[in-house]
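Notes follow once the structure below has been shown.
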Amino acid sequence: MPPQDAFTQAVAPALSGVEHLKARSRLLRGRLAEELAEGGSQVSEDGYNLLKFHGSYEQHDRDTATALKQRGLEKDFSFMVRVRMPGGRLTAAQYLALDELADRHGNATLRITTRQGIQFHGVVKDDLKPTIAAINETLLTTMAACGDVARNVMCSPTPIRDGVRARLDADAARLSAALLPQSRAYHQIFLGDEAADGSDESEPLYGATYLPRKFKIALTIPEDNTVDVLTNDLGLIAIFEGERLVGYNVAVGGGLGMTHNKAGTYPRLASLVGSVGPDDLLAVARAVIGVHRDHGNRADRKRARLKYVVDDMGVEWVRAEIGRQGAPLSPLLPMGEFAVPDLLGWHAQGDGRFWLGVPVAAGRITGPVRRALREAVARFGADPVMTPQQDVLLTNLAAADRAPVEALLRAHGVDLAEALTPFARWALACPALPTCGLALTEAERVQGPIVASIEAVLRRLGLAEERISLRITGCPNGCARSYAGDIGLVGRVPGAYALYLGGDFAGTRLSFKLFERVRQADLAATLAPILADFAAGRQEGEEFGAFCTRRGPAALAELVSAAARSG
Ligand code: SRM
Ligand code: SF4
């Protein structure tokens, strides 16, 4: 934190409770070790907030909460545990270990996250330490997977074996390692390192109160914006000439979370502010983190993300401040347009081996899909990569393995990419109910029926092969990046969604809200006249999001009203 004089201290708004907690936590320790050793199924509020920094959230099963309360019983508490794994990469052995852990301590599912992580749900309090210790034994960590720090670093998942991807992978791993907190609290609390008592520790980058809020980084190349780079606090776009890295274009201040009816909270795409050279990656990441650390709002957590600093202080100021923080920016490097490749199905890696992209509905690896993936990874040694589209790529497969891998997946009844319409392939949904404490509506559990109802309209209109992205979230926080796709459904009240349209497939334009509340049962009928107008009146090569933006909200709303009047 910058030094504060008496005047700024007197007029500065009160720090939020979480700021006080971090300050007195002895670098993320608090009473967590004691609380985890005590009985019961929950942790205290302080414990809840500190646990996030170690990669876990206390949750309860919202399906059973009311019935349990009526019977005078405690809610069904458990913990979500999130694995930090830059670029979504796992070895076959790591995947199998995580899969086994899902049975031993979780709810027998693995959940691929929209940031290429893996989550366990349903871990009871007594199992939290053994779960985290077991994850560490696989050489993965949950440290800083959540909390007011730099989270899992996203990276282009495309497993092409060339110098470009090798450099990106190495950069993502380097960034992730360099930005971990230095506190050994995690080792003391979860890994039994008694010597790590904090007496000789400091946090040179974050400081004792860490960041005002979460901080997200994605690294990619323009040809692969599957990571939605501009929705991150810091987007790094590597520019190559052939396989020679020229430098990184730097985008700051992306973020999607907002609160219904809270003015001054909104989604924002990151602003491109300049570039740095090939050796300045860590310096620029530390500098942008420094801007957030020193200037982010520590009084109101709903306005604490870096995006609000960028808007409140202005892009020019932020650019200069990044320089003052140690990473002077050069002008932007020329770059091509963003594109989003389709990674599902079979692809050559470029080294004589192949990957198979397997669709996983809403990222939930469960039932037959889970059994099939486990068997394919165990028998063929495929190293899995988690994608930002919540799918899994089975990589490093030999040509001779292609037919047996496919046969194995089919034998388990897994739908391969070609069995799905583009609409189903590109749909995302956040977990929402029953685990997410913030969910206002369902998301993951209604993805299937919502996709099916809109698919029927697309088929009728001859649009079944059209690439249109659908993103469903159970609240306005935007965990499935609902404001950055063609169609966004944002949970409003139980059974009803705000409808957003007009984002683009490449991730360069946010959508606009067309309707405040549409009942789930009415979604397909509401979209039908708009899709019909698109089918009839689109311009050459125009995508659905671009069409919606060109027509504008008033004209689209009128189409829906006219259809209602006539029908
Ligand atoms: Fe998220 C909070 C799940 C990606 C914005 N998010 C949550 C919590 C932890 C709920 C809570 O605070 O109690 C959710 C846990 C649900 C559960 O049962 O598991 C949750 N977020 C997820 C995941 C699992 C969704 C998914 O479908 O995969 C994603 C985990 C990513 C990871 O591996 O780290 C996830 N969350 C995102 C994204 C997308 C992204 O980063 O690419 C966003 C929008 C981008 C952004 O950060 O603005 C996102 N999550 C939020 C927010 C809003 C933050 C804000 O600035 O207002 C919250 C609420 C909060 O932080 O207070 C939130
Ligand atoms: Fe929960 Fe809302 Fe995020 Fe969905 S978008 S996981 S409901 S916080």
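Atoms within a ligand are numbered from 1 in the order they appear, just like the ligands themselves. Start at 1 with the first residue, then count along the sequence.
Protein N, O or S atom count below 2.8 Å of atom 1 (Fe) of ligand 1: the structure gives 1.
Residue contacts with ligand 1 include A429, since one or more of its heavy atoms lies under 4.0 Å from the ligand. Contact annotation: Q390 has at least one heavy atom less than 4.0 Å from an atom of ligand 1. Residue-ligand proximity: K52 is placed with every non-hydrogen atom at 4.0 Å or more from ligand 1. Residue contacts with ligand 1 leave out Q116, since none of its heavy atoms falls under 4.0 Å from the ligand.
Pocket lining of ligand 2, defined as residues with a non-hydrogen atom under 4.0 Å away: C430, P431, A432, C436, L438, A439, T473, G474, C475, N477, G478, C479.
Between D103 and R370, at least one side-chain N (NZ, or NE/NH1/NH2) sits under 4.0 Å from a carboxylate O, which counts as a salt bridge. A salt bridge is absent between D148 and R293; no separation between the charged side-chain nitrogens and carboxylate oxygens falls under 4.0 Å. Using a 4.0 Å cut-off between charged nitrogen and carboxylate oxygen, D312 and R303 count as a salt-bridge pair.
Considering backbone and side-chain N/O of T113, one or more are found under 3.5 Å from N/O of ligand 1. Every N/O-N/O distance between T231 and ligand 1 stays at or above 3.5 Å. By the 3.5 Å distance cut-off applied to N or O atoms, R111 is counted among the residues near ligand 1. Between N152 and ligand 1, a contact under 3.5 Å exists for no N or O pair. Considering both main-chain and side-chain atoms, G437 never comes within under 3.5 Å of ligand 1 through any nitrogen or oxygen pair. In terms of polar-atom proximity, R305 is counted as a contact of ligand 1, with an N or O under 3.5 Å from an N or O of the ligand.
Less than 6.0 angstrom separates the ring centroid of Y266 from the ring centroid of Y308. Note: F79 and Y57 fail the aromatic proximity criterion, with ring centroids not under 6.0 Å apart.
Within a 4.0 Å radius of atom 35 (C) of ligand 1, the protein has at least one heavy atom.
Relative ring orientation between H54 and Y186 is described as parallel, the plane-to-plane angle staying below 30° on a 0-90° scale split at 30° and 60°.
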Evaluate R89 against D383 for salt bridge (Lys or Arg N to Asp or Glu O under 4.0 Å), listing each step before the verdict.
CA-CA 8 Å; R89 266 93 179 140; D383 299 315; over 6 Å; no
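The nearest protein atom to atom 58 (C) of ligand 1, hydrogens excluded, is given as K214 NZ, 3.3 Å; this is a heavy-atom distance.
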